[in-house]
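Written out below as structure tokens is the structure these notes cover.
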Amino acid sequence: MKYDQIPLSRLSRAAVSIERRLGWHPFHSDERTHYRVVGRMVQRVRLEQGEDERCLELFEHIPPLPRRLFHEGFREGISFRVDDDAYVLHGMYLRLFVGWDLLARAGEAFGVRTHFAGENSLEYSVVVGKWSLGSVLEALATARAFALVAADLAHDARDGIPHTVGEIRGLIRTAREVLLEDSASERPGTASRAEGKGDQRWHAEQTSLFPEGTE
């Protein structure tokens, strides 16, 4: 399942043609992609191979996600799958750096799983556990914290600054807590308050409800 969202105002002319009644609606030329309108936000879920429409029930109680944890826009999305009897946020990548193995070991304490994807890429995922809004938000915060700490460690590695697994674990925990605290101040679905105040260049480019390749 791939999830993303976008404010209605950013859909430009496409906003006129979407179905606003309650519930999920399939996109007319892509039956695997469904969307719904919640307030001023459009949520979209694309079902992957082997998944059926019953998976949409998982998102019934998942409102639009806080912008501090999820940057919406239909340009990128987040992917969920079931792995080892647990829901997992997966398909995220980092560039390898000296000492990445210490980061991987530190991330295990937060349900982060890492996999060497080849060349200079590290794929990582985060266990969501029991499916709920709180668990999804925590997984998103963990994923972002992991990436933020990775960027700092890559910079320190170039400067020859060493770190221990314990130190890295503390950095991830702190970043995660800050992200969760910041996102708690934003009620789900309030991203539209800033409509018209963002990147005007990006706003002008977003003219389609669904990206090329799905129409």
Is it the case that the side chain of [X] and the backbone of [Y] share a donor-acceptor pair, with hydrogens and angles ignored and the cut-off at 3.5 Å?
| X | Y | result |
| --- | --- | --- |
| Asp52 | Arg54 | yes |
| Ser135 | Lys130 | yes |
| Arg144 | Arg68 | yes |
| Gln5 | Leu65 | yes |
| Glu119 | Ser121 | no |
| Thr174 | Leu171 | no |

Check [X] against [Y] and note the closest heavy-atom contact, atom names and distance.
| X | Y | value |
| --- | --- | --- |
| Ala141 | Leu179 | O-CD1, 3.5 Å |
| Leu180 | Glu138 | CD2-CA, 4.1 Å |
| Ala139 | Val128 | CB-CG2, 3.9 Å |
| Ser132 | Ile62 | C-CD1, 4.1 Å |
| Arg36 | Val38 | NE-CG2, 3.7 Å |
| Ala157 | Val98 | CB-O, 3.5 Å |

Side chains of [X] and [Y], heavy atoms from C-beta outward: is any pair under 4.5 Å?
| X | Y | answer |
| --- | --- | --- |
| His90 | Ser79 | yes |
| Ile168 | Arg105 | no |
| Leu133 | His61 | no |

With rounding to the nearest 0.5 angstrom, report the [atom1] to [atom2] distance, [X] to [Y].
| X | Y | atom1 | atom2 | result |
| --- | --- | --- | --- | --- |
| Met41 | Tyr35 | CE | OH | 15.5 Å |
| Asp152 | Ile172 | CG | CD1 | 11.0 Å |
| Phe70 | Leu137 | CZ | CG | 11.5 Å |
| His25 | Leu22 | NE2 | CG | 7.5 Å |
| Asp182 | Arg67 | CG | CZ | 14.0 Å |
| Arg20 | Leu8 | CZ | CG | 5.0 Å |

Is the closest basic N to carboxylate O distance between Arg81 and Glu51 below 4.0 Å?
->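 Between Glu51 and Arg81 there is no salt bridge, as every charged N stays at least 4.0 Å from the carboxylate O atoms.
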
With hydrophobic residues grouped by side-chain heavy-atom distances under 4.5 Å, do [X] and [Y] end up in a single group?
| X | Y | value |
| --- | --- | --- |
| Val88 | Met92 | no |
| Val126 | Val82 | yes |
| Val165 | Leu103 | yes |
| Leu58 | Leu140 | yes |
| Trp100 | Ile161 | no |

Non-neighbouring partners of Trp131 that pass ring pair (Phe, Tyr, Trp, His ring centres under 6.0 Å), sequence neighbours left out =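 Testing Trp131 for ring pair (Phe, Tyr, Trp, His ring centres under 6.0 Å), a comparison that skips the adjacent residues, returns Phe59, Phe80, Tyr87.
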
Counterpart residues, salt bridge (Lys or Arg N to Asp or Glu O under 4.0 Å), relative to Glu108 (two or more places apart) = none

Could you walk me through whether Leu94 and Thr114 pass the side-chain contact (heavy atoms from CB on, under 4.5 Å) test, one step at a time?
-> CA-CA 10 Å; Leu94 296 174; Thr114 55; over 6 Å; no

Would you please say whether a donor-acceptor pair under 3.5 Å links the side chains of Thr142 and Arg176?
-> yes

Tell me yes or no: between the side chains of Gln43 and Trp24, is some donor less than 3.5 Å from an acceptor?
->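 There is no such pair between these side chains.
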
Sort and list the pairs that fulfil ring-ring contact (aromatic ring centres under 6.0 Å, His included) and have at least one residue in residues 136-175, not counting sequence neighbours.
->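 Residue pairs passing ring-ring contact (aromatic ring centres under 6.0 Å, His included), neighbours aside: Tyr124-Phe146.
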
Given Arg32, which of Arg46, Glu53, Lys2 fulfils the side-chain contact (heavy atoms from CB on, under 4.5 Å) condition?
->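 Testing Arg32 for a side-chain contact (heavy atoms from CB on, under 4.5 Å) against Arg46, Glu53, Lys2 leaves exactly one candidate, Arg46.
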
If you draw a 6.0 Å radius around CG in Asp159, do more than 12 non-hydrogen atoms from other residues or ligands fall strictly inside?
-> yes

Walk me through it: do Arg169 and Phe110 pass the test side-chain contact (heavy atoms from CB on, under 4.5 Å)?
-> CA-CA 9 Å; Arg169 191 178 296 125; Phe110 305 93; 3.6 Å; yes

Give the C-alpha distance, both sets of side-chain angles, the deciding distance and a yes or no for side-chain contact (heavy atoms from CB on, under 4.5 Å) between Leu47 and His34.
-> CA-CA 8 Å; Leu47 301 176; His34 295 71; 4.2 Å; yes

